[in-house]
Amino acid sequence: MDIPRALKARAAEAGAAFAGIAPAEPFPEAAAYKRWISSGMHGSMDYMARNQESRENIAAWYPEAKSVLVCAFAYAGNAQRQADAGQGRVARYAALPDYHPELKRRMEEILAWLKARVPEADGRIFVDTSPLLERLYARYAGLGWIGKNTMVISPKAGSYFFLAGLAVNIPMAHDEPAADHCGSCSRCIESCPTEALSEDRVLDASRCIAYFTIEHKGRIPAEFRSKIGNWIMGCDVCQEVCPWNRFAGQSAVFPPALPENLPLNEFPSMDKDSFRKKYGQTPLSRPKLNGLVRNSLLAMGNSRDASHRPILEEFAANPDPILSEQAAWSLARISEAPPEARA
Ligand code: B12
């Protein structure tokens, strides 16, 4: 049996849009990760500075690893609608159910299938949370190149896909890395509202809207607030402007769960129990209710819509200093003269 070929066919059966095989080796681009950490671009994501050895070399995570199957699961969803003043924008991936448990289950099935056919085979799966540089395996598995927006971009499917991997203890013929097709295009770099991207293909996460709205727990620094606009969960700007995303495919795995725009007054008026019931199984559980309230208050300010004043006034007196300060900032922003009225 041609194992690599059969394995990729099994991945397609499991819903992967495409898949490839990388050697389980350390790759030279991992040096960019070390520079990223030492220059503080991970911001408050302390977990990104842990397990540096395994991010540089998969052998520190799974010593028996010889090859890595990397699968791309498409999630493009519908083209996004612009939100109105009463709505916040949610990144496309976050409008779906949480991908982690579903993709882990599918990767486990692929591993079980392999073990049933190759008795000496064993492996370890990874979906996002393991301390590995997943995009490098994707690149060396031939899934796509690492674009200027730092996304893995496939020439046939753009970048709206999740990565899921299976490191195995058997050597296999591997795929060739995909050629780079960003060319002279730099739309992502120019469009990023917070200037988080640069020509060197590294994202300064400590400036990224996705980082602020999903991962960062504290106050959002004042200099970035107006640039965040109406994003309340993640950000897709650097993917929306990428010309390769005209090839993005629909998800074969997930039905759309949420609308991509949500009312800005929803989270500030919700209690923890109803949040857990409604959003507990979605990516919105990552920033938690508190993070989404902070983000919604911020977007209310950026909407400049005076109808948000009563909620903001209520939160300006909230005992949580992060929420009260954010609400005060947003009230002041609503009171500012509209941009066209300024000299
Ligand atoms: C931490 C993290 C974040 C952080 C930081 C993102 C970042 N760019 O580093 C934040 C919270 C900002 C984030 C945001 C998003 N994330 Co995220 N994130 C991760 C996570 C957990 C680790 C990424 C990491 O290691 N970063 C450190 C940097 C240094 O590594 P890197 O991004 O791989 O960078 C490589 C390149 O810079 C390259 N490189 C450097 N120099 C050069 C030069 C050349 C010439 C080349 C070719 C390459 C190259 O080498 C580096 C080292 O590998 C991964 C899952 C994982 N375990 O890998 C998901 C992951 C990268 N995220 C993912 C997604 C979907 C997103 C969002 C789209 C979600 C959203 N809509 O809000 C955004 C996209 C923002 C963006 N442009 O990256 C997907 C990406 C899938 C894809 N097609 O690429 C992943 C793989 C999760 C998954 N399993 O599907 N994320």
Side-chain angles (χ1 to χ4, degrees), residues 17 26-39 41-49 51-52 54-56 61 70-77 80 89-96 99-100 103-104 107 125-140 143-154 157-165 177-182 188-189 191-192 194 196-216 231-242 244-245 248 260 283 286-287:
F27 301 118
E29 293 90 341
Y33 160 72
K34 288 207 98 165
R35 289 195 295 275
W36 191 74
I37 294 294
S38 57
S39 55
M41 290 189 188
H42 59 301
S44 58
M45 296 183 288
D46 295 341
Y47 58 89
M48 285 304 300
N51 304 105
Q52 297 204 10
S54 63
R55 290 182 211 271
E56 287 169 62
W61 179 75
V70 190
C71 302
F73 288 91
Y75 70 81
Q80 274 188 334
R89 295 185 79 183
V90 173
R92 293 190 194 197
Y93 92 95
L96 300 168
Y99 64 96
H100 299 90
L103 297 190
K104 278 184 188 155
M107 296 311 289
I125 61 164
F126 57 88
V127 182
D128 185 48
T129 52
S130 299
L132 298 172
L133 296 172
E134 291 182 346
R135 301 206 249 214
L136 278 189
Y137 295 95
R139 164 167 147 74
Y140 281 91
L143 264 50
W145 71 97
I146 296 178
K148 292 181 187 172
N149 58 4
T150 78
M151 301 301 293
V152 177
I153 305 175
S154 153
S159 63
Y160 287 112
F161 53 82
F162 300 118
L163 296 175
D180 186 320
H181 292 292
C182 280
C188 55
I189 298 174
S191 310
C192 176
T194 52
L197 293 165
S198 54
E199 279 289 342
D200 57 7
R201 289 172 204 237
V202 173
L203 170 100
D204 182 350
S206 71
R207 303 181 65 91
C208 174
I209 295 177
Y211 158 79
F212 286 127
T213 56
I214 308 171
E215 297 294 320
H216 183 62
W231 288 103
I232 58 167
M233 172 72 200
C235 175
D236 281 330
V237 172
C238 65
Q239 300 196 86
E240 280 179 1
V241 299
C242 176
W244 290 98
N245 274 327
E260 286 156 351
R286 177 77 181 165

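Each ligand, and each atom within it, is numbered from 1 in the order the structure gives.
Every atom of ligand 1 is numbered from 1 in the order shown, and the set under 4.0 Å from a heavy atom of Phe161 is 81 (C), 82 (C), 83 (N). Each of the following atoms of ligand 1 lies closer than 4.0 Å to a heavy atom of Ala210: 14 (C), 72 (O). Taking every heavy atom of Gly234 and a limit of under 4.0 angstrom, the matching atoms of ligand 1 come to 72 (O). Within ligand 1, the atoms closer than 4.0 Å to a non-hydrogen atom of Ala91 are 71 (N), numbered from 1 in the order shown. Per-residue contacts place Leu136 under 4.0 angstrom from the following atoms of ligand 1 (heavy atoms of the residue considered): 53 (O). Within ligand 1, the atoms closer than 4.0 Å to a non-hydrogen atom of Leu203 are 6 (C), 7 (C), 8 (N), 12 (C), numbered from 1 in the order shown. Ligand-side atoms of ligand 1 in range of Glu215: 11 (C), range being under 4.0 angstrom from any heavy atom. Heavy-atom proximity to Met48, at under 4.0 Å, picks out these atoms of ligand 1: 1 (C), 22 (C), 24 (C), 25 (O), 26 (N).
For atom 64 (C) of ligand 1, the closest heavy atom belonging to the protein is Met151 CE, 4.3 Å. For atom 5 (C) of ligand 1, the closest non-hydrogen atom of the protein is Ala205 CB, 3.9 Å. Given atom 84 (O) of ligand 1, the protein heavy atom at minimum distance is Val152 N, 2.8 Å. In terms of protein heavy atoms, atom 30 (O) of ligand 1 is closest to Leu133 CD2, 4.0 Å. Closest protein heavy atom to atom 68 (C) of ligand 1: Gln239 NE2, 3.3 Å. Remark: minimum distance from atom 35 (C) of ligand 1 to any protein heavy atom is reached at Ile146 CD1, 4.4 Å.
Here Pro131 has no heavy atoms under 4.0 Å from ligand 1, in either its backbone or its side chain. At a 4.0 Å heavy-atom cut-off, ligand 1 touches Tyr93 through the side chain alone. Under 4.0 angstrom from ligand 1, the non-hydrogen atoms of Trp36 all belong to its side chain. With a 4.0 Å heavy-atom cut-off, ligand 1 is reached by no atom of His42. With a heavy-atom cut-off of 4.0 Å, Asp200 touches ligand 1 through its backbone alone. If you look at Arg92 next to ligand 1, there are no close heavy atoms at all, none under 4.0 Å. Of all the heavy atoms of Thr150, the ones lying under 4.0 Å from any atom of ligand 1 belong exclusively to the side chain. At a heavy-atom cutoff of 4.0 Å, ligand 1 is contacted by the backbone of Asn149 but not by its side chain. Only the side chain of Tyr99 comes within 4.0 Å of ligand 1, judged by heavy-atom distances. Using a 4.0 Å cut-off between heavy atoms, Ser130 contacts ligand 1 through its backbone alone, with no side-chain atom that close.
Checking only distances, Ser159 does come within under 3.5 Å of ligand 1, N or O to N or O. For a threshold of 3.5 Å applied to N or O pairs, the pair formed by Ala32 and ligand 1 contains no separation below that value. Considering backbone and side-chain atoms together, Arg201 places an N or O closer than 3.5 Å to an N or O of ligand 1. Between Asp128 and ligand 1, a contact under 3.5 Å exists for at least one N or O pair. Polar contact with ligand 1: present for Leu132 (N/O pair, distance under 3.5 Å). Looking at ligand 1, you won't find any N or O of Met45 less than 3.5 Å from one of its N or O atoms. Considering backbone and side-chain N/O atoms, Cys238 never comes within less than 3.5 Å of an N/O atom of ligand 1. Between Phe162 and ligand 1, no N or O atom pair is found at a separation short of 3.5 Å.
One finds the CG atom of Asn149 at 10.5 Å from the SG atom of Cys208 (value rounded to the nearest 0.5 Å). Rounding to the nearest 0.5 angstrom, the gap separating the NZ atom in Lys148 from the SG atom in Cys238 is 13.5 Å. Interatomic distance, CD of Gln239 versus CD1 of Ile153, reported as 8.5 Å (0.5 Å rounding).
In this structure, Arg92 forms a cation-pi arrangement with Tyr160, its terminal cationic atom sitting closer than 6.0 Å to the ring centre and no more than 45° off the ring axis.
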Worksheet item: Yes or no on side chain to side chain contact (heavy atoms under 4.5 Å, CB included) for Ile209 and Arg89, after CA distance, side-chain angles and deciding distance?
Response: CA-CA 12 Å; Ile209 295 177; Arg89 295 185 79 183; over 6 Å; no
Worksheet entry | Steps toward side chain to side chain contact (heavy atoms under 4.5 Å, CB included) verdict (Leu163, Leu143) | CA-CA 10 Å; Leu163 296 175; Leu143 264 50; 3.9 Å; yes
Practice prompt. Start with the C-alpha distance between Arg201 and Glu29, add both sets of side-chain angles, then the distance that settles side chain to side chain contact (heavy atoms under 4.5 Å, CB included), and finish with yes or no.
Written response: CA-CA 11 Å; Arg201 289 172 204 237; Glu29 293 90 341; over 6 Å; no
Worksheet entry | side chain to side chain contact (heavy atoms under 4.5 Å, CB included) between Tyr211 and Leu203, worked out | CA-CA 11 Å; Tyr211 158 79; Leu203 170 100; over 6 Å; no
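Looking at Arg135, Glu134, Glu29 and measuring to atom 56 (C) of ligand 1, the nearest heavy atom belongs to Glu134. Ranked by closest heavy atom to atom 12 (C) of ligand 1, the top entry among Gly165, Ala196, Cys208 is Cys208.
In this structure, atom 16 (N) of ligand 1 has no protein heavy-atom contact shorter than 4.0 Å. Checking atom 89 (N) of ligand 1 against the protein gives a heavy-atom contact under 4.0 Å. Under the 4.0 angstrom criterion, atom 80 (C) of ligand 1 counts as having a protein heavy-atom contact. Remark: atom 22 (C) of ligand 1 lies closer than 4.0 Å to at least one protein heavy atom. In this structure, atom 3 (C) of ligand 1 is not in close contact with the protein, since no protein heavy atom lies within 4.0 Å of it. The presence of a protein heavy atom under 4.0 Å from atom 62 (N) of ligand 1 is ruled out. For atom 66 (C) of ligand 1, the nearest protein heavy atom lies 4.0 Å or farther away. Counting protein heavy atoms under 4.0 angstrom from atom 10 (C) of ligand 1 gives zero.
Across every non-hydrogen atom of Ser130 and Ile125, the tightest pair is OG-O, 4.3 Å. For Val127 against His100, the heavy-atom pair with the smallest separation is O-CD2, 3.6 Å. Of all heavy-atom pairs spanning Ala94 and Met233, the tightest one is CB-CG, 3.7 Å.
Residues satisfying the side-chain contact (heavy atoms from CB on, under 4.5 Å) test with Ala157, not counting sequence neighbours, are Phe18, Ser154.
Remark: of the listed residues Gln52, Arg55, Met45, Gln52 is the sole one forming a side chain to side chain contact (heavy atoms under 4.5 Å, CB included) with Ile37.
Centroid-to-centroid, the aromatic rings of Tyr99 and Phe73 stay 6.0 Å apart or farther.
Here the side chains of Pro131 and Trp61 are in contact, with some heavy-atom distance below 4.5 Å.
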